[in-house]
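Below you'll find the structure, written out as structure tokens, and then a few comments.
Just so it is clear, the structure is predicted and the values come from calculations on it, not from any experiment. Convention: sequence-line order gives letters A, B, ...; per-chain numbering from 1. Any value given below was found using the heavy atoms of this structure, including those in side chains, with hydrogens, waters and symmetry copies removed.
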Amino acid sequence: MLFKEDETARAEAAAVRTNAAWYRWTHDLVKVTGKDAERFLDWILVNTIAGLPVGRGKYTTMLDEAGGIIDDLVVFHKDEGLWWLSTLYGPHAVKWFDAHAEGFEVAYEDITQEIDMYAVQGPNSAKVMNELVADSVDELKRFQIIEGAIGGIAVTIDRGGFTGELGYEIYCAREDSAAVAEAIEAAAAKHDAPRCKTLEVYVRSLPMEKGMALRQDYKGLTPFEANLGWSVRMDKDFLGKEALEAAQAEGPKHAFVGIEIERESYEDIAQNEIIRKRGIPVGICRQMIYGYTVDKNIGFGIVDAAKVPIGTRVTIGPNDSPAVIVEPKWC
Amino acid sequence: MEKELDSCPWDIVGSEMCNMTTAMFTANFDIAAGGEHGEITNDVALNMCEARGCGNPHCRVVAERRDTFGLEKQGWLDHRGQAFLPVHDTPPERRVKHAQGLRNGQYTNAFGEEQSLEWQYNWVAQMGWVWSISFPLIAIRDMADDDDEFERILKIVFATAGKNAFIDPFAREGLRNWLDIPREIGDNDPRVMGAYIQAILGCQLVPHELEAFDAYGVEIRVDQDTFTGRFEMAPLDEITIGYEAQWNGACHTLVSPEWSVWIDEDDDDFIINVGRKVDDRAL
């Protein structure tokens with residue numbers, strides 16, 4: 001929960017938006033190898049993975065047989081025959097692969113415990129990175145992944161992040177974590193880039209303002225309902241394609257929307273709080289947070305597509321807070 | 001031959017209704033006793049000697065052959081006479097005290113029926129509508145000069161019935177208790193009336209969808225055909241006008257006169273509204 005008056009959180013958010021900031025950014029990593037790794041990933045994910053060059057990555061969702069999103073992730077072709085899946089739900093992904101890997105010569109492993117991660121984010125993040133690494137990061141493309149070194153320590157770097165700003169992610173062996181952190185701190189200090197300590201700022205508030213959601217926010221939706229249609233390649237075969245085609249033919253049942261609470265509110269609106277229109281339940285909240293860049297109480301919700309167009313006035317939460325449905329992106 | 005009903009689910013209706021029922025039974029007898037198909041005779045006199053609705057301890061209907069006992073032919077509603085022969089009297093210890101009631105969470109009556117409350121309420125609501133509403137309306141329609149006059153009388157009758165239903169504080173409290181309305185919903189809240197309408201629609205198995213249910217009003221959508229066609233025994237074109245007037249009257253006493261009920265048409269549907277309205281011509 002974030003408050004309007006939290007000056008620390010506000011400063012951290014402002015740093016990311018206007019300068020740069022860094023933080024320990026842990027998410028899961030699943031390593032995928034094997035003769036059929038590329039073919040397997042191309043089938044189990046909705047975006048085109050086949051032919052992805054070494055050193056590049058792609059954002060994609062993963063669907064169940066009913067066409068609903070069960071994960072959203074970035075796939076990196078780290079090296080020949082070696083893939084890294086950057087996800088928040090590693091153990092789930094591994095279980096899912098177990099159930100669907102038959103017929104593929106593929107191996108996969110949750111390597112989260114071996115690798116530590118840091119993120120450097122913000123319009124000046126490249127400057128901070130260039131203090132850290134020998135080779136300039138200026139030419140890196142989005143989702144490009146390379147090997148590098150920080151003070152002699154081998155690291156992997158990708159250009160990406162979860163703040164909607166220019167940014168980079170640094171992966172290192174866990175035993176090198178402290179040394180890497182020290183190096184980042186020193187480089188960041190040269191550009192007055194603080195270390196972010198408030199998790200809700202960089203996991204919930206900053207991403208939400210830019211329209212970036214967590215996988216759990218998309219619960220039960222098809223990628224089209226979740227506004228992720230751009231990442232779905234219907235010209236190839238993938239798990240869940242048939243159900244997705246049927247769902248497309250029927251038309252969207254749900255819509256993924258933004259919510260703005262219309263008054264100064266200190267409520268902690270939880271996941272699954274009911275959204276009501278004229279007292280009738282029409283959807284559920286997914287997450288609510290304070291956005292410091294836009295200075296509003298904002299959130300994501302899943303609503304009945306037909307009954308709740310953008311602009312609908314609703315009430316949410318046990319105290320019937322007045323809110324309005326908006327596009328799920330604020331800046 | 002005689003038949004003692006002791007009492008039946010209609011024992012509260014009153015013996016005028018029983019008079020009509022007994023007349024109907026007489027007709028059945030007459031048709032059946034005719035021998036050849038189509039030949040109607042009047043061989044049997046049927047008398048409702050006692051009626052629980054009149055205060056007697058039970059109901060007794062006696063059939064006696066006219067030629068055996070030298071009885072006169074009965075007129076159209078002459079069925080509340082006495083039998084020729086003395087009737088039996090059920091000893092008090094074998095009489096039914098309550099003709100109908102709730103036991104074991106079910107509705108039970110002297111016929112030996114035990115049904116869920118929902119089943120019985122639906123049956124009573126349907127049949128009750130027929131006997132108590134449809135038949136009198138047929139009589140009123142005959143009496144009125146024209147259709148406009150009939151509609152005027154119908155609206156007045158239903159509006160008054162609706163208002164009277166919730167004049168007493170215990171009636172309002174009783175409904176709140178039955179519908180389990182939270183105390184946060186105050187005395188001037190349209191949702192009390194909305195919930196009552198929903199309960200009636202539910203009992204009558206009329207599918208409906210809530211479109212609004214908040215402190216500013218209630219909107220309930222029903223399909224026109226299911227709303228008007230639910231009493232198959234006695235379809236009535238004016239059922240919509242009747243319910244609109246009745247619910248509007250009820251709303252004024254159950255909630256307050258600031259709130260009204262009206263029914264709008266929307267394609268093949270009706271929208272039942274509970275909302276604020278100023279009506280200078282209110283009944």
Side-chain angles (χ1 to χ4, degrees), chain A residues 220 225 247 250-286 288 297 299-326, chain B residues 175-176 179-202 206-223 227 247 251 254-256 258-277:
Chain A
E225 289 172 329
E250 268 184 50
K253 293 201 186 64
H254 303 104
F256 187 76
V257 296
I259 308 168
E260 275 178 27
I261 298 187
E262 290 186 305
R263 60 184 178 198
E264 297 231 348
S265 169
Y266 294 90
E267 293 174 87
D268 195 4
I269 303 284
Q271 202 179 76
N272 296 335
E273 291 280 4
I274 298 173
I275 299 171
R276 293 179 194 274
K277 176 182 166 187
R278 291 297 315 275
I280 313 297
V282 290
I284 51 171
C285 297
R286 298 317 291 145
M288 303 290 299
N297 288 298
F300 288 140
I302 295 176
V303 296
D304 182 313
K307 290 185 184 163
V308 192
I310 302 293
T312 304
R313 305 210 98 77
V314 295
T315 58
I316 63 173
N319 294 324
D320 295 327
S321 281
V324 65
I325 301 297
V326 297
Chain B
L175 182 78
R176 274 189 173 268
L179 292 177
D180 201 16
I181 296 177
R183 288 289 160 194
E184 289 162 0
I185 306 290
D187 289 334
N188 199 20
D189 195 307
R191 287 172 283 191
V192 178
M193 187 65 205
Y196 177 50
I197 293 173
Q198 265 198 292
I200 293 173
L201 293 175
V206 174
H208 56 280
E209 200 190 319
L210 275 182
E211 298 208 326
F213 192 83
D214 61 18
Y216 303 101
V218 176
E219 290 165 29
I220 305 173
R221 180 179 289 271
V222 293
D223 171 69
F227 187 77
W247 286 339
C251 192
L254 177 62
V255 186
S256 84
E258 294 167 31
W259 296 94
S260 294
V261 174
W262 67 93
I263 300 180
D264 288 328
E265 278 190 48
D266 183 35
D267 283 338
D268 293 331
D269 293 340
F270 284 132
I271 310 284
I272 304 166
N273 294 278
V274 184
R276 286 185 180 277
K277 201 181 209 184

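We find that B:Arg276 and B:Glu258 are joined by a salt bridge, their nearest charged nitrogen and carboxylate oxygen being less than 4.0 Å apart.
Looking at B:Leu201 and B:Ile272, their side chains come closer than 4.5 Å, going by heavy atoms from C-beta outward. B:Phe270 places none of its side-chain heavy atoms less than 4.5 Å from the side chain of B:Arg221.
Contact annotation for B:Glu209: only side-chain heavy atoms (C-beta onward) come within less than 4.5 Å of a heavy atom of chain A. Of the two parts of B:Glu211, only the backbone, made up of N, CA, C and O, holds a non-hydrogen atom closer than 4.5 Å to a non-hydrogen atom of chain A.
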Steps toward side-chain hydrogen bond (donor to acceptor under 3.5 Å, both in side chains) verdict (B:Trp259, B:Asn188): CA-CA 8 Å; B:Trp259 296 94; B:Asn188 199 20; 3.1 Å; yes
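Comparing A:Arg278, A:Lys277, A:Arg276, A:Lys307 by how many heavy-atom pairs each has under 4.5 Å with chain B, the most go to A:Arg278.
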